[in-house]
Protein chains: 2
Amino acid sequence: MKAVVSGLRERKRRQTRDRLTEAGMTLFLAQGFEATTLDQIAAAADISRRSFFHHFASKEDLVFAWQDSFCLALLDALVLRPADERPIDAAINALIAAVGDFDRDQAEALTRFVEETPALRDREQVKYALMEQALAEALGQRPGATADSLEIRLVAMVVIGAMRIAGENWRRAGDRARPDIYVRRVFDTLRAAVAEES
Amino acid sequence: MKAVVSGLRERKRRQTRDRLTEAGMTLFLAQGFEATTLDQIAAAADISRRSFFHHFASKEDLVFAWQDSFCLALLDALVLRPADERPIDAAINALIAAVGDFDRDQAEALTRFVEETPALRDREQVKYALMEQALAEALGQRPGATADSLEIRLVAMVVIGAMRIAGENWRRAGDRARPDIYVRRVFDTLRAAVAEES
DNA sequence: TTGCAAATATGCACCAGGTGCATATTTAGG
DNA sequence: CCTAAATATGCACCTGGTGCATATTTGCAA
């Protein structure tokens, strides 16, 4: 049985992990991503350079830890959707729920930072692909769904893609409309654009 | 005026470029991507290691040169579409035209190779993002289009995404149905999945 | 043909991220 | 308290990629 109260081991692990992300982000924001070396980060977090890689597989991963948590939130929100919802609606509603729970100021700052760093922009695309895959799997495991169907993969693709573009748009516009409204508007536009010509 | 017949300069450049891709791909297929070093490639192409970077910005780019040409074909096909077609239809039809012109056996072999090499899988996502952006710009420059509209970006996202998934599916299924049929089937499924519930 | 400017190729030093491996150090739990 | 597993560290090493100064080649005009 796993300890209910996390043991000292796991606690310490989390601690150093957090120390790393904080030290890293501080340095990144101060001097830029590329200009910050792993040695600096390790030193600031009071850890050996080698041990860094016991917590993160790469320098980039330090930045994208948060996106993982958003992905998890999305999947959690998905299982709360009623079983009779179609995949697309379940996914959209889960997205709306997940996006509502997040610290938008922080997310925006981080995203702006990512945007202006080529290496991170690249890595972001990879993350989106992973999110899409995770969403597709989750949709495939819903009650009554056929795992790995074409429809499910297309829905995952569209939802993650729309999320990405909605985010860009939201940031660019600068207005702070409620994100759920934004998401809905994007999907309405999408439906209209894709629909068979009447 | 640029010379109609490419000068010696450009011809030589292309030659070495081709020598590099060929040497690279041969080595990659023989020993794998990661296991092949730039020194080996440069040696095989009879060029200095440093000069490699005058032709390709990175080792990965060596593999993805072909995808650029596909992207160009897609954009070329797009300008041939009638001006009164909606963005989505113009893009789909351009995609069908472009995909029909390509050496599918080679594309498949290459894609399989990319799939089983993590570094290349990552890079592929970046390429898709670039294609999406290029397509969006091209759609924005069509006669009578509003550049940079939300609709256009969504259409580009959906078309490139559907292309990607259609490709995966086509490869996985193993049947060799005509690609245009495949593409249409995917878009039909997509429309049905996204459409407002009746 | 010659001479000159631009493009291209090369060599070299150097940086930094990432890995393998052997070795300490710490924690869990009987 | 003692042992096995997890974690941390140090170190050597590889390789992709860049900056820079220098040669070599090509285009073109006088």
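Labels below follow one simple rule: chain letters A, B, ... track the order of the sequence lines, proteins then strands, and each chain is numbered from 1.
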Item to complete: Send over the distance from A:Leu20 CG to D:dT7 P, rounded to a whole Å.
Response: 15 Å

Discussion item. Tell me if the CZ atom of B:Arg14 is crowded by more than 12 foreign heavy atoms within 6.0 Å.
Written reply: no

Item to complete: For B:Gln40 and D:dC14, give me the distance from atom CD to atom C1', rounded to whole Å.
Response: 13 Å

Discussion item. Measuring to OP1 and OP2 of C:dA9, would you say a side-chain N or O of B:Ser51 lies under 4.0 angstrom away?
Written reply: no

Worksheet item: Out of curiosity, B:Gln141 CD to B:Leu78 CG, how far, rounded to the nearest 0.5 Å?
Response: 10.0 Å

Worksheet entry | Between C:dG18 (P) and A:Phe56 (CZ): distance, integer Å | 13 Å

Response to the item:
In whole angstroms, the gap separating C1' of D:dG16 from CD of B:Glu34 amounts to 12 Å

Worksheet item: In terms of ring plane angle, is the pair A:Phe113 and A:Phe28 parallel, tilted or perpendicular, where the classes change at 30° and 60°?
Response: parallel

Item to complete: In plain terms, say whether A:Glu132 and A:Arg153 are close enough for a salt bridge, that is, a side-chain N and a carboxylate O under 4.0 Å apart.
Response: no

Worksheet, complete the sentence: Taken to the nearest whole Å, NZ/B:Lys59 to P/D:dT18 is 14 Å

Worksheet item: So does B:His55 get a side-chain nitrogen or oxygen closer than 4.0 Å to the phosphate oxygens (OP1/OP2) of C:dT8?
Response: no

Worksheet entry | Candidate nucleotides D:dG17, C:dT8, C:dG11, ranked by approach to the side chain of B:Ser48 - the nearest | C:dG11

Discussion item. Can you tell whether the side chains of B:Glu108 and B:Arg112 come within less than 4.0 Å, N to carboxylate O?
Written reply: yes

Worksheet item: How would nucleotides 22-28 of chain C be written as a contact map, 5' to 3', with B for base contact, S for sugar-phosphate-only contact and - for no contact, using protein heavy atoms under 4.0 Å?
Response: ----BBS

Item to complete: Compare the minimum distances between each of D:dA8, D:dG16, C:dG17 and the side chain of A:Leu38, then state the nucleotide with the smallest one.
Response: C:dG17

Item to complete: Considering non-hydrogen atoms only, spot the tightest contact between B:Ala45 and B:Leu20 and give its length.
Response: CB-CD2, 3.5 Å

Item to complete: Report the residue (A:Asp39 or B:Arg50) whose heavy-atom-nearest nucleotide on DNA chain C is the more 5′ of the two.
Response: B:Arg50

Item to complete: Output yes when B:Asp89 and B:Arg86 qualify as a salt bridge under the 4.0 Å nitrogen-oxygen rule, no when they do not.
Response: yes

Worksheet item: Taking atom P of C:dA9 as reference, at what distance in whole Å does atom CD of B:Gln15 sit?
Response: 11 Å

Practice prompt. Rounded off to whole Å, could you give me the CG-to-C1' distance for the A:Asp122 and C:dG17 pair?
Written response: 16 Å

Item to complete: For A:Phe53 and C:dC21, give me the distance from atom CZ to atom C1', rounded to whole Å.
Response: 16 Å

Response to the item:
Residue pair A:His54/A:Arg49 against DNA chain D: nearer the 5' end by closest nucleotide is A:His54

